[in-house]
Protein chains: 2
Amino acid sequence: MITIKEIAEIANVSVGTVDRVIHGRDGVSKKTKERVQKILTEKNFKINNIARSLAMKKKYNLSVLMPDFDADNLFWKSPLLGVSKAAEEVLSFGIEVKTFTFNQLDKKSYLNSFQKLIDGSPEAVILTPLFLNETKTIISQLDKKKIPYIFLNIEINGFNNISFIGQDSYKGGYLSGKLMHLCTQKNTNYLITDIESKLYNNNAIEGRIKGFYSYFNKNKIPFNAVSLSFEDLNNLDHVKQQLKQLLDTHKNISGVLVPSSRISIISNCIDSKKLKKLSLIGFDTTEQNVACLKNDKITFLISQKSFNQGLKSVKIMAEYLIQNNLPHQKIYSPLEIITKENLEFSQQEKWHYIDEIKS
Amino acid sequence: MITIKEIAEIANVSVGTVDRVIHGRDGVSKKTKERVQKILTEKNFKINNIARSLAMKKKYNLSVLMPDFDADNLFWKSPLLGVSKAAEEVLSFGIEVKTFTFNQLDKKSYLNSFQKLIDGSPEAVILTPLFLNETKTIISQLDKKKIPYIFLNIEINGFNNISFIGQDSYKGGYLSGKLMHLCTQKNTNYLITDIESKLYNNNAIEGRIKGFYSYFNKNKIPFNAVSLSFEDLNNLDHVKQQLKQLLDTHKNISGVLVPSSRISIISNCIDSKKLKKLSLIGFDTTEQNVACLKNDKITFLISQKSFNQGLKSVKIMAEYLIQNNLPHQKIYSPLEIITKENLEFSQQEKWHYIDEIKS
DNA sequence: ACATTTTCCGTGTACGCACACAAAAGTAAC
DNA sequence: GTTACTTTTGTGTGCGTACACGGAAAATGT
């Protein structure tokens, strides 16, 4: 492998100049820049990462703002883990990742956490834009300071984010339609739960429902869907009652779609006799959801591999900081179909990482 | 992270002495050795591998032996691409990946390619042990020279390979059973094609078939399966004829399982009217298979992400060489369920890489 | 007491790159 | 042609480790 020094000799310049060309720093005349660049590509110069990371001193502060998780809602645990994992990996490239979390039900904590984040004057930010109005305030600050930012998991448009990393909710819903149809065949009567969708800026649920409908419409499959929304998913008795009532009045229902990560609650609130005759499809492999999958309470989960989302967002931002590589505008996560039978092979990166940090 | 220099200062010795203690070289008095050792453990000193490999400047030759691909059978293209991608990544860590391919129908070319490989005296080897007897010869040479090796994609036991990377065929088959059952519901009459399984040492097909049967047996689902094997999959007319005959005599068949990567051939050889009434499930997302999926000829493909297998095998071996990290004995790839609806989101790593090399 | 060997330890350099600082070359105005 | 400044280029040091080399001290021999 050719080194900077060798390149410099060939081009009749110093290593400093070569370094400048490589990193696109200014202070090099157009002429020499072109000459060096040519030799660089000709000789197929590749930077020696070993030496690079040795030479780099801690320089970048990459801050992450995302919701915290708790026992009731473990969804955010996964991306958080992904971020930690990536943090370790990029550390040797001179990037320190600082994570700030907020209560996903509390707009104030969102703003407070951001304040702490911005006080650390980060070079780059990754955030989950959960509340729309508050996000506008936040983004204006980032824009003003010219701090690049990536949206994680929640897709909103009209901002200067360099990328969005998350699921294509519509396509996810579309896929859930296909799977539901496969499970239920001729009896196409469904229940769709519409949970808390107005609580925050979460158009994921909406998108999934739209996608679900689209599958049947586009393929010209007649179907019926009733929807049910809950005031408080933590009030289990009430949820049970609501479900019982609905399933008693609509006895022909063959499948239940839960377009959020909370399907475990729903499945646990349905009478087990009734449950056996139903196909349940939900999203995200939270620990509770996985438990239901194992017990045959749920047929399919569609996973967005949120661990990888966290991981990827950090890595991509790191690459942007170091190499100035602009990522794609939208990076959609895979729509992973999870059943009891392939569960153990999914999310290996995540489990390996958890093993690592345990030992 | 504490450095050798710092340790040296605390122990009142030079970095050279600390270095000697760390590497167990002699030339250090018992007294100072103990003193330094104590500080080393006290301060939880961890060697900086980056600096280490920079200083060592050792070049590793990591050689890969795997089947070549051709227009008829593209299966091996994917892992080969994965290997190339990883090769780029580990190059900067002083590891040069050399790839040797062989004709998957020709035992001699297997041995010949290995001869070339071993002549380069590699520090580590990754190989696809396609032919059992020939593999024994090969492995004995590797064992004698104490060259570490990993098995890629094909699982055989009784060797000192430091790892196996590939699919759990049995579980893959089991999953295919589940999916088939879902697709076909009450009508559980299936055709299983058993292709070329005796041609090479490929117990993957066997494992998948076993797994498929197991699903129905373990869940006590009554079913019927007829099997059909082909002499030559390239003789399309004959294949068509065989299929037609079988499907005409077994009119109640509702699903076809192809436990290899060749489902596209089967699906193309079935009369389209008949095809509409059948659920086809196969393995691996080769280009031809994907095309059939898009045309609704196939319902499910189970992918083993062979691109990632190639990628991972190289990365793992690299880590073993550099850091001396022993990997897990068996690394099973995910069993990814691919349908028309989630196809576009799968194999992103692969497509991104292909984009890269094209540009 | 002196020479010789052995044991022990410190110094210096290389690895390839990043970056701060110094130096040179170029430009413009007078 | 001198000065003042800007642009462009070169130099040197540090990152943490490995290891060769050589010097000092201690042990041994005569």
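Throughout, a chain's letter reflects where its sequence line sits, starting with A, and its residues are numbered from 1.
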Tyr149(A)-Asn160(A) side chain donor-acceptor pair, cut-off 3.5 Å: no
Under 3.5 Å, which donor-acceptor pairs link side chains of residues 2-12 of chain B to any protein atom two or more places apart or in another chain?
| from | atom 1 | to | atom 2 | distance (Å) |
| --- | --- | --- | --- | --- |
| Thr3(B) | OG1 | Lys5(B) | N | 3.3 |
| Thr3(B) | OG1 | Glu6(B) | N | 3.2 |
| Thr3(B) | OG1 | Glu6(B) | OE1 | 3.3 |
| Glu6(B) | OE1 | Thr3(B) | N | 2.9 |

Using distance only, find each side-chain donor-acceptor pair of residues 37-47 of chain A under 3.5 Å and give its atom names and separation, not counting sequence neighbours.
| from | atom 1 | to | atom 2 | distance (Å) |
| --- | --- | --- | --- | --- |
| Thr41(A) | OG1 | Gln37(A) | O | 3.2 |
| Thr41(A) | OG1 | Lys38(A) | O | 2.9 |

Could you tell me whether the side chains of Tyr320(A) and Ser163(A) share a donor-acceptor contact shorter than 3.5 Å? no
Go through residues 27-39 of chain A and report each residue with a non-hydrogen atom lying under 4.0 Å from DNA chain D, sorted by number. Gly27(A), Val28(A), Ser29(A), Thr32(A)
Any luck finding a side-chain donor-acceptor pair between Lys350(B) and Ser78(B) under 3.5 Å? yes
Would you work out how much the helix from dA1(C)-dT30(D) to dC30(C)-dG1(D) bends between its ends, with each end axis defined by five base pairs, to 10 degrees? 60°
Determine whether the side chains of Tyr353(A) and Gln347(A) contain a donor N or O and an acceptor N or O closer than 3.5 Å. no
Of all pairs that satisfy salt bridge (charged side-chain N to carboxylate O under 4.0 Å, His left out), the ones with a partner from residues 116-126 of chain B, not counting sequence neighbours: none
Base, backbone or nothing for each nucleotide of nucleotides 13-21 of chain D, written B, S, -, heavy atoms under 4.0 angstrom, 5' to 3'? -BBBBSBBB
Length of the CG-P vector between Asp26(A) and dT8(D), whole Å: 9 Å
Would you check if there is a donor-acceptor pair between the side chains of Tyr110(A) and Gln115(A) at a distance under 3.5 Å? no
Side-chain ion pair, Asp168(A) and Lys330(A), N-O less than 4.0 Å: no
Does either side chain, that of Gln309(B) or that of Asn153(B), offer a donor lying less than 3.5 Å from an acceptor on the other one? yes
